[in-house]
Chemist: 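The structure is given below, and queries will be raised subsequently.
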Amino acid sequence: MSHPPDNPGAGPGALEAGRSTWNLPDPAYDLVVAGAGHAGIEAALAGARLGLRTLLVSMSLQTIGQMSCNPAIGGVGKGQLVREIDALGGEMGRLADRAGLQFRMLNRSKGPAVWSPRAQSDKFRYAQLATQTLSDQPGLDLRQGLVTDLVLQQDRVVAVELAGGVRIRAGAVIVCAGTFLNGLLHVGASRSPGGRAGEPPALGLSEALARQGIEVRRYKTGTPPRVDRASIRFDAFDEQWGDAKPAPFRFYEDLISLPQQCCYATWTTPRTHEILSENLHRSPLFTGRIEGTGPRYCPSVEDKVVRFAEKDRHQLFLEPESLAGREMYVNGFSTSMPEDVQLAALRSVPGFEQARFTRPGYAIEYDYFPAWQMDVTLRMRGLANLFFAGQQNGTSGYEEASAQGLLAALNAAALLDHRDPVILGRDQAYIGVLLDDLVNKPLPEPYRMFTSRAEFRLLLRQDNADQRLMPLGHRLGLLEQWRWERFQVRQETRTRLLDWLAQTAINGRALLSQEPEPQVPQAHDNQRVEPNPAVDVPASTTQRATEWLKRPELTLHMLLQAAPEPWFTELDDDLITSVEVDIKYAGYVERQRRAVESFRRNEQVPLPEELDYKSLASLSTEARERLSLVRPRNLGQASRVGGVNPTDIQALWVHLQRRPQESPSSTTEDAVTPSD
């Protein structure tokens, strides 16, 4: 990083005075976002919508929002993130709905805590819509260029420097470089610099940050070959259609319009595994040419053959990439093998005997910055106005990146407006779980969100993200006014429905006349159950609708049909699902609410910023080191730091009680939360 001449008064209000000294050209921006992937899109749009004069810098304005890997949005845990982004006023859900080719609610056979929406996307339409949305956003400028350095004044970034030497002044900066930082592509023994196939890497910025003492490490990810649709024998595969009634990601607006497409499932064969095993000596993953750690939950096909040698087959999914082309994505066949090995192995799978590649699979190594160097607002420690978001933070996936971009922009705006930071707790959102895990836990591999990472997942369902987060989105000024008004009306309708259920008596005969339908399972939140085949209730019994709904074979839809009211037309599927789950799972919900209350008591015990952990002999050596690095805000966050055990937390509590200057319960968190 470069530093302008000393200017003790530098800061947001001193940039104008120092402009001529530093020779920084107009215009100046409140916020500069470097990188136009999924994190950059959310960050730039949120910044502009919050009133910041925003600049989005991209290496190429023709590749904004490109889906480098699987053209799909959502999935287990990831779909919850998308719905939360939408509830806060973000963009990903809207783009996904408009570009969706197939929609499925995953885990329907399990409890509602793990139901997860997923959509296969038209990647060209998604990128086109993203570019158009950015171009149409007032207060947002786009510029093609590469950020290679940051200009510092004391502990603040005052400008970004582009390749070629142009400097652009900035009140805050969000770096969203994805996998482009010193990216290196691998196909067999061939290596070439690149951020993804056909595009150059981003050079210079990693080195500039490293010079400031920021630790840089390497991760690896990969992508499978794409295959020409015309070369595939589809009758060898199992068809996988989406839901008959697609469920949108976006709350209160159905934007799904593209014709829905079929995906396909198949399996590798023993011959596939034989070909891959015979050629491991040609794999850069096993010859040591790839040094970065790859994602455990999305391993390459050759890695699966080695790690799971007892299995004679692995499942593959064939998915369309767009309505406008013939490319098909072979999900589950990620590889960096030489192209001839890739082709021979894939052709050993029935249906791919004559497969033609439109492009081979490859692996990519890239720089990332371990997130323990940031606080939970995604601000880099020691630099007051520099935020990081996306895969460069050690995550994998579009959804995790978008969530980070949104929160980084919210906190950049809070910083510039001198407001409290925006922090979502683990009990409030999957986004809160994501950020808390990132900054507190050591990440031996790229982080991927799963429902199992959320200890309060029954409260953090995909269907109730609007109730949890729309009030916060409105309060921060990001949620559209019409959707806030719709939310208020919907809450009134919800109250009306709950009152109706509590007050309305229904006779069993009315219920016996209803056709059985799929219902919410009666089980623990992730236990598999089978739906009841028929309605079996006592015909002579009359009781409140709330009591009827607790029976596993009855659904809220059936109760509404048994005693219809004209205003039932105001009820949407999300509302019906949310109310039904809350009633059927009332015992589990109440148990988790009590757990949240206990959790919050620890969260609200603040840890002084100046606390010298290394001087506390009662802490273990590892705890002293990790706590000094992470600098947790409170006792709850400290308890989740990797290497910190319960005895360390007890020692911290004792130390806080002995501090004469304050009581550990005398102050509270100053962060903005949905419960404020």
Side-chain angles (χ1 to χ4, degrees), residues 72-97 100 102-121 242-243 245-256 397-400 402-403 406 424-434 448-473 479 483 486-487 490-491 494 518-521 523-526 556 571-585 588-589 592 674:
I73 298 294
V76 177
K78 293 170 174 281
Q80 282 84 344
L81 287 175
V82 180
R83 299 221 84 188
E84 290 179 354
I85 291 168
D86 183 73
L88 285 169
E91 192 66 24
M92 176 171 264
R94 180 172 172 269
L95 296 174
D97 285 350
Q102 186 194 92
F103 292 80
R104 295 179 65 195
M105 186 65 72
L106 306 182
N107 285 338
R108 275 288 194 184
S109 63
K110 300 179 181 179
V114 297
W115 293 355
S116 303
R118 181 188 186 274
Q120 194 68 27
S121 300
D243 295 339
K245 185 178 181 181
F249 286 105
R250 188 163 170 83
F251 284 99
Y252 315 155
E253 187 177 22
D254 188 350
L255 299 173
I256 300 173
Y398 312 138
E399 303 82 3
E400 292 90 342
S402 290
L406 179 62
L424 297 175
R426 299 181 69 89
D427 58 323
Q428 296 160 340
Y430 272 84
I431 298 175
V433 175
L434 166 66
R448 177 176 179 174
M449 178 54 70
F450 290 106
T451 53
S452 58
R453 297 192 188 275
E455 55 268 60
F456 306 117
R457 59 185 178 270
L458 188 54
L459 302 180
L460 306 183
R461 304 188 309 272
Q462 57 84 29
D463 61 89
N464 67 8
D466 57 338
Q467 294 181 70
R468 292 185 280 116
L469 296 177
M470 277 191 174
L472 176 61
L479 188 72
R483 287 218 292 164
R486 178 69 182 274
F487 170 79
R490 190 173 182 273
Q491 290 301 95
R494 178 187 178 88
Q519 62 274 155
V520 178
H524 185 264
D525 61 9
N526 63 356
L556 182 48
L571 305 177
D572 59 67
D573 288 341
D574 271 339
L575 176 58
I576 291 173
T577 297
S578 177
V579 169
E580 181 171 347
V581 170
D582 282 344
I583 292 175
K584 283 188 178 292
Y585 285 77
Y588 293 109
V589 169
Q592 286 210 347

Chemist: For the atom pair CD (Glu455) and CD (Gln592), what is the distance rounded to the nearest 0.5 Å?
Modeler: 9.0 Å
Chemist: Return the minimal non-hydrogen interatomic distance between Arg457 and Ser452, and the atom names on each side.
Modeler: NH1-CA, 4.3 Å
Chemist: Does Ala87 have any side-chain contact (heavy atoms from CB on, under 4.5 Å) partners at least two apart in sequence or in another chain, and if so, which?
Modeler: Phe251, Ala465, Leu469, Met470
Chemist: Give, for atom CG of Leu460 and atom CZ of Arg83, the distance between the pair rounded to the nearest 0.5 Å.
Modeler: 14.0 Å
Chemist: Which atom pair, heavy atoms only, marks the closest approach of Ala403 to Ile85?
Modeler: N-CD1, 3.6 Å
Chemist: Provide the closest heavy-atom pair for Ala247 versus Phe103 in the form atom of the first, atom of the second, distance.
Modeler: O-CD2, 3.8 Å
Chemist: How far apart are the closest heavy atoms of Thr451 and Ala113, and which atoms are they?
Modeler: CG2-O, 4.3 Å
Chemist: Do the side chains of Val433 and Met449 get nearer than 4.5 Å, heavy atoms only?
Modeler: yes
Chemist: Measure from the side-chain N and O atoms of Asp97 to the backbone N and O of Arg250, and report whether any donor-acceptor pair falls under 3.5 Å.
Modeler: yes
Chemist: Measuring from atom CG of Leu479 to atom CG of Asp86, what distance do you get when rounded to the nearest 0.5 angstrom?
Modeler: 8.5 Å
Chemist: Under the criterion side-chain contact (heavy atoms from CB on, under 4.5 Å), I'd like the reasoning laid out for Glu399 against Ile73: C-alpha separation, chi angles, the key distance, then a yes or no.
Modeler: CA-CA 7 Å; Glu399 303 82 3; Ile73 298 294; 4.3 Å; yes
Chemist: For the backbone of Gly77 and the side chain of Gln80, can you confirm whether one donor and one acceptor N or O come within less than 3.5 Å of each other?
Modeler: yes
Chemist: Where the side chain of Gln462 meets the backbone of Ser116, is there a donor-acceptor pair that is under 3.5 Å apart?
Modeler: no
Chemist: What verdict does the side-chain contact (heavy atoms from CB on, under 4.5 Å) test give for Arg448 and Lys78, after you've listed the backbone C-alpha separation in whole Å, the side-chain angles of each residue and the deciding distance to 0.1 Å?
Modeler: CA-CA 8 Å; Arg448 177 176 179 174; Lys78 293 170 174 281; 3.5 Å; yes
Chemist: Looking only at heavy atoms, what is the nearest atom pair of Asn107 and Trp115, with distance?
Modeler: O-CD1, 3.0 Å
Chemist: Does any N or O in the side chain of Glu84 come within less than 3.5 Å of the main-chain N or O of Ile431, such that one atom is a donor and the other an acceptor?
Modeler: yes
Chemist: Look up atom CZ in Arg461 and atom OH in Tyr430, then write down how far apart they are to the nearest 0.5 Å.
Modeler: 10.5 Å
Chemist: Out of curiosity, Asp582 CG to Thr577 OG1, how far, rounded to the nearest 0.5 Å?
Modeler: 11.0 Å
Chemist: Is Glu253 paired with Arg483 through a side-chain N to carboxylate O contact shorter than 4.0 Å?
Modeler: no
Chemist: Under a 4.0 Å threshold between the charged nitrogen and the carboxylate oxygen, would Lys245 count as salt-bridged to Asp254?
Modeler: no
Chemist: Apply the test side-chain contact (heavy atoms from CB on, under 4.5 Å) to residues Asp574 and Gln467: give CA-CA distance (whole Å), side-chain angles for both, the deciding distance (0.1 Å), then the verdict.
Modeler: CA-CA 11 Å; Asp574 271 339; Gln467 294 181 70; over 6 Å; no
Chemist: To check you understand the geometry: which heavy-atom pair defines the closest contact between Ala119 and Phe249, and what is its length?
Modeler: CB-CE1, 3.6 Å
Chemist: If we ignore hydrogens and angles and just use 3.5 Å, is the side chain of Asp243 paired with the main-chain N or O of Met105 as donor and acceptor?
Modeler: yes
Chemist: Quick one: CG on Leu458 to CG on Asn464, what's the gap to the nearest 0.5 Å?
Modeler: 9.0 Å
Chemist: Between Leu424 and Leu472, is the side-chain contact (heavy atoms from CB on, under 4.5 Å) condition met? List the steps.
Modeler: CA-CA 10 Å; Leu424 297 175; Leu472 176 61; 3.5 Å; yes
Chemist: Is it true that the side chains of Arg494 and Ser578 contain a donor and an acceptor less than 3.5 Å apart?
Modeler: yes
Chemist: Which residues satisfy the salt bridge (charged side-chain N to carboxylate O under 4.0 Å, His left out) test with Arg490, sequence neighbours excluded?
Modeler: Asp466, Asp572
